[in-house]
Amino acid sequence: MTEATGAGANADIEALAYDEAFAEYQRTVATLEAGGLALEATIAQYERAIALQRRCERLLSEAELGVQQLMAAPNGGAVPVDVRPEDAAEEPAG
């Protein structure tokens with residue numbers, strides 16, 4: 001499983017929809033929590049869990065930005081928008 005620690009091993013994650021990515025994240029965390037994996041396999045699973053978490057966060061940010069743009073439209077009307085994750089800004093804590 002040496003290939004699993006490389007960046008290419010998690011390339012499939014970018015094609016996952018939110019529900020798929022989140023379900024796989026939950027399975028991966030459960031596998032890690034169960035233990036019993038060799039060190040190399042544990043590291044690979046941990047890296048995959050992080051990649052899945054980041055995918056979910058990006059998809060949620062995109063959805064949040066889309067909702068914000070819809071709410072900002074005149075009369076809350078639906079307008080076509082081009083949502084890009086880099087346009088999403090985090091809300092300041094306060």
Side-chain angles (χ1 to χ4, degrees):
M1 208 182 262
T2 55
E3 189 178 316
T5 58
N10 293 326
D12 63 315
I13 290 172
E14 291 305 311
L16 296 176
Y18 178 82
D19 291 337
E20 297 167 324
F22 188 69
E24 186 172 340
Y25 172 76
Q26 289 179 311
R27 287 189 300 270
T28 304
V29 169
T31 299
L32 287 167
E33 288 176 342
L37 296 173
L39 178 61
E40 221 174 271
T42 299
I43 292 170
Q45 288 294 302
Y46 181 78
E47 289 174 347
R48 186 157 184 87
I50 295 299
L52 287 161
Q53 177 188 13
R54 289 180 179 154
R55 173 70 177 155
C56 289
E57 289 172 351
R58 270 192 310 278
L59 291 170
L60 287 173
S61 291
E62 290 172 8
E64 182 180 9
L65 178 61
V67 169
Q68 288 173 356
Q69 289 176 337
L70 286 172
M71 297 302 291
N75 299 323
V79 294
V81 292
D82 183 18
V83 178
R84 296 183 186 138
E86 60 272 11
D87 294 337
E90 293 205 16
E91 295 287 325

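Only this structure's heavy atoms are used, side chains among them; waters, hydrogens and symmetry mates stay out.
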Participant: Quick one: do Leu52 and Tyr46 end up in the same hydrophobic cluster if we chain Ile, Leu, Val, Met, Phe, Trp and Tyr together by side-chain heavy atoms under 4.5 Å apart?
Facilitator: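 Hydrophobic grouping puts Leu52 apart from Tyr46.
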Participant: Return the minimal non-hydrogen interatomic distance between Leu59 and Ala17, and the atom names on each side.
Facilitator: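 Nearest heavy atoms, Leu59 then Ala17: CD1-C, 3.9 Å.
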Participant: Atom OG of Ser61 and atom CZ of Arg54: how far apart are they, to the nearest 0.5 Å?
Facilitator: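 Atom-to-atom, Ser61:OG and Arg54:CZ are 13.0 Å apart.
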Participant: What I'd like to find out is whether the side chain of Leu65 reaches to under 4.5 Å of the side chain of Glu62, using heavy atoms alone.
Facilitator: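 Leu65 does not reach Glu62 side chain to side chain.
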Participant: Under 3.5 Å, is there a donor-acceptor pair between the side chain of Arg55 and the main chain of Leu16?
Facilitator: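 Here the side-chain-to-backbone pair exists.
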Participant: Decide side-chain contact (heavy atoms from CB on, under 4.5 Å) for Arg27 and Gln45; before the verdict, give the C-alpha distance in whole Å, the side-chain angles of both, and the deciding distance to 0.1 Å.
Facilitator: CA-CA 10 Å; Arg27 287 189 300 270; Gln45 288 294 302; over 6 Å; no
Participant: Before you tell me yes or no, could you show the steps for Glu14 and Arg58 under salt bridge (Lys or Arg N to Asp or Glu O under 4.0 Å), namely the whole-Å CA-CA distance, both residues' side-chain angles and the distance that decides it to 0.1 Å?
Facilitator: CA-CA 10 Å; Glu14 291 305 311; Arg58 270 192 310 278; 2.3 Å; yes
Participant: If only atom types and distance count, is the side chain of Gln26 paired as donor or acceptor with the main-chain N or O of Ala23 below 3.5 Å?
Facilitator: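 Checked: no pair found.
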Participant: Find out if a path of hydrophobic residues (ILVMFWY) with successive side-chain heavy-atom gaps under 4.5 Å connects Ile13 to Val29.
Facilitator: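 The answer is yes; both residues are in one hydrophobic cluster.
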Participant: Quick one: list whatever passes salt bridge (charged side-chain N to carboxylate O under 4.0 Å, His left out) with Glu57, sequence neighbours left out.
Facilitator: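 Residues passing salt bridge (charged side-chain N to carboxylate O under 4.0 Å, His left out) with Glu57: none at all.
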Participant: Are Tyr18 and Tyr25 connected, step by step, through hydrophobic side chains (Ile, Leu, Val, Met, Phe, Trp, Tyr) whose heavy atoms are closer than 4.5 Å?
Facilitator: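 Looking at the clustering, Tyr25 is in the same group as Tyr18.
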Participant: Supply the atom-to-atom distance Ile50 CD1 to Thr28 OG1, rounded to the nearest 0.5 angstrom.
Facilitator: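 Ile50 CD1 to Thr28 OG1: 11.0 Å, rounded to 0.5 Å.
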Participant: Measure the spacing between OG1 of Thr31 and CZ of Arg48 and express it to the nearest 0.5 Å.
Facilitator: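 CZ of Arg48 is found 11.0 Å from OG1 of Thr31.
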